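Worksheet for the structure shown next.
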Amino acid sequence: QVQLVESGGGSVQAGGSLRLSCVASGYTYRFFRYCMAWFRQAPGKHREGVAAIASRGGTVYADSVKDRFTIYRDNDQNILYLELNSLKPEDTGMYYCASEIVAGTICTAPSLRHSEYGDWGQGTQVTVSS
């Protein structure tokens, strides 16, 4: 059974930085084969895709975080990261790590669609004050 455990959230002032981590385990296939993504959910809002990454590092970002956030992965250690820079109050929310539902040979086209992902972590809270 897939398990995703996020960490690294916290409270920072606007303009600050954080690095989120997600340790993954329990995969049937190698972690390398899966598209991985970060989502976030602010109070009263729908969960939205923030960033996603392919097996070999191709990435896609939401427009709201481009040039500020960086997603990357360590396929040897089974860890997914999200580096958050130049944080804004509107970045506040619970951040979730997610793994795609079905692994192909490898992931070449990561998506920010919620429906593509079937395994989720418990989330880590990010709070940005102005």
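This one's a predicted model, so the numbers in the text were calculated from it and none came from an experiment.
In this structure the side chain of Leu80 reaches within 4.5 angstrom of the side chain of Ile53, judged on heavy atoms. Within the 4.5 Å cutoff, the side chain of Arg40 has heavy atoms near those of the Ser64 side chain. At a threshold of 4.5 Å between non-hydrogen side-chain atoms, the residues Thr70 and Tyr81 do not count as touching. Side chains of Val2 and Tyr34 form no contact here, defined as non-hydrogen atoms less than 4.5 Å apart. By the 4.5 Å heavy-atom criterion applied to side chains, Tyr61 and Arg68 are not counted as neighbours. Taking the side chain as every heavy atom from C-beta outward, Leu20 and Val126 approach each other to under 4.5 Å.
Salt-bridge check for Asp63 with Lys66: passed, with a basic side-chain N closer than 4.0 Å to an acidic carboxylate O.
Panel note: side chain Glu6, backbone Cys97; a donor-acceptor pair is recorded below 3.5 Å. Judged by distance alone, the side chain of Arg33 and the main-chain N or O of Ile106 form no donor-acceptor pair under 3.5 Å. Put simply, the side chain of Ser55 gets close to the backbone of Cys107: a donor and an acceptor are under 3.5 Å apart. The closest donor-acceptor contact from the side chain of Trp120 to the backbone of Leu4 lies at 3.5 Å or more, if one exists at all. Using a distance-only test at 3.5 Å, with no hydrogens or angles considered, no donor-acceptor pair links the side chain of Thr127 to the main chain of Thr92.
A cation-pi arrangement is present between Arg73 and Phe31 under the rule of less than 6.0 angstrom and at most 45 degrees off the ring axis.
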Go through the steps to decide whether Phe32 and Arg56 satisfy the test side chain to side chain contact (heavy atoms under 4.5 Å, CB included), and finish with yes or no.
-> CA-CA 8 Å; Phe32 167 77; Arg56 294 196 174 110; 4.1 Å; yes
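Rounding to the nearest 0.5 angstrom, the gap separating the OG atom in Ser21 from the CD atom in Glu83 is 10.0 Å. Atom CD of residue Glu100 and atom CD of residue Glu116 lie 7.5 Å apart, to the nearest 0.5 angstrom. Rounded to the nearest 0.5 Å, atoms CG (Leu18) and OG (Ser11) are 8.5 Å apart. Rounding to the nearest 0.5 angstrom, the gap separating the OG atom in Ser7 from the OH atom in Tyr95 is 15.0 Å. A distance of 10.5 Å separates CD of Gln3 from OH of Tyr27, quoted to the nearest 0.5 Å. Summarising the geometry, atom OG1 belonging to Thr59 is positioned 15.0 Å from atom CE belonging to Met36; distances are rounded to the nearest 0.5 Å.
Atom CD of Gln125 has more than 12 heavy atoms from other residues, nucleotides or ligands within 6.0 Å. At most 12 heavy atoms of other shown residues, nucleotides or ligands fall within 6.0 angstrom of atom OH in Tyr29.
Pairing each heavy atom of Pro89 with each of Ser129, the nearest pair is CG-C, 4.4 Å. The two atoms that bring Ala52 and Ser111 nearest to each other are CB-O, 3.3 Å, heavy atoms only. Here the closest heavy-atom approach between residue Gly58 and residue Pro110 is recorded as O-CG, 3.8 Å.
A distance of 6.0 Å or more separates the ring centres of Phe39 and Tyr96.
Under the 4.5 Å side-chain heavy-atom criterion for Ile, Leu, Val, Met, Phe, Trp and Tyr, Tyr117 and Val50 are members of distinct hydrophobic clusters. Placement of Trp38 and Val5 in two distinct hydrophobic clusters is found when ILVMFWY residues are connected by side-chain heavy-atom separations under 4.5 Å, directly or transitively.
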